[in-house]
Amino acid sequence: KNVKHLSFAEMIVSPNPVAQNMRVLVDADKAEKATLFITDLAGRRVFNTSVNINEGNNTLNIPVSALNSGSYVVTIQLANQTLVKKINKF
């Protein structure tokens with residue numbers, strides 16, 4: 001039997017809670033284009049950007065100072081995987 005190799009990316013968001021600028025660290029198994037977006041807890045998209053992810057470690061600096069205080073969900077949509085983290089903005 002053939003065993004399909006499953007590969008996954010990982011995401012870390014810091015600092016959390018965040019005030020001005022958020023760092024999103026993505027460890028990816030391959031280079032690809034991705035979409036990063038932030039939604040509020042009602043599901044409204046409040047930030048959206050396209051990013052180029054390289055194989056290995058990536059650091060994305062995302063300005064969040066314009067967001068109101070509260071809880072948000074950061075999502076990176078890759079071709080075959082969705083990475084999700086909850087953050088708090090103060």
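No hydrogens, no waters, no symmetry mates; every other heavy atom, side chains included, goes into these values. Nothing fancy with the numbering, it's 1 onward along the sequence.
Counted within 6.0 Å of CG on N68, heavy atoms from surrounding residues, nucleotides or ligands total 12 or fewer; the atom is thus considered open.
Rounded to the nearest 0.5 angstrom, L25 CG and T59 OG1 are separated by 5.0 Å. The structure places CG of L67 at 8.5 Å from CZ of F47, a figure rounded to the nearest 0.5 Å. Taking OG from S71 and NZ from K89, the interatomic distance works out to 12.0 Å, rounded to the nearest 0.5 Å.
Residues I76 and T35 are not in side-chain contact: their nearest non-hydrogen atoms beyond the backbone lie 4.5 Å or more apart. In this structure, L36 and L60 have side chains that are in contact, with non-hydrogen atoms separated by less than 4.5 Å.
For D27, there are no salt bridge (charged side-chain N to carboxylate O under 4.0 Å, His left out) partners at least two apart in sequence or on another chain. R45 is linked by a salt bridge (charged side-chain N to carboxylate O under 4.0 Å, His left out) to nothing, counting only residues two or more places apart in sequence or in another chain.
Of the candidates V84, V46, N48, V73, V73 is the only one forming a side chain to side chain contact (heavy atoms under 4.5 Å, CB included) with T39.
Here the closest non-hydrogen pair linking Y72 and D40 is CD2-CA, 3.7 Å. Listed here is the closest heavy atom pair of D29 and A9: OD1-N, 4.5 Å.
Using a distance-only test at 3.5 Å, with no hydrogens or angles considered, no donor-acceptor pair links the side chain of N58 to the main chain of I53.
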I'd like a table of donor-acceptor pairs (distance under 3.5 Å, sequence neighbours excluded) in which one partner is a side-chain atom from residues 10-22, with atom names and distances.
unit_1	atom_1	unit_2	atom_2	d
S14	OG	R23	NH2	3.3
N16	OD1	N88	N	2.9
N16	ND2	K86	O	3.1

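Clustering ILVMFWY residues whenever any of their side-chain heavy atoms sit less than 4.5 angstrom apart, transitively, puts V51 in the very cluster that holds I38. Side-chain heavy atoms closer than 4.5 Å link hydrophobic residues (I, L, V, M, F, W, Y) into clusters, and following such links, even through other members, never connects V26 to F37.
In this model, a donor atom of one side chain and an acceptor atom of the other lie less than 3.5 Å apart for T82 and Q77.
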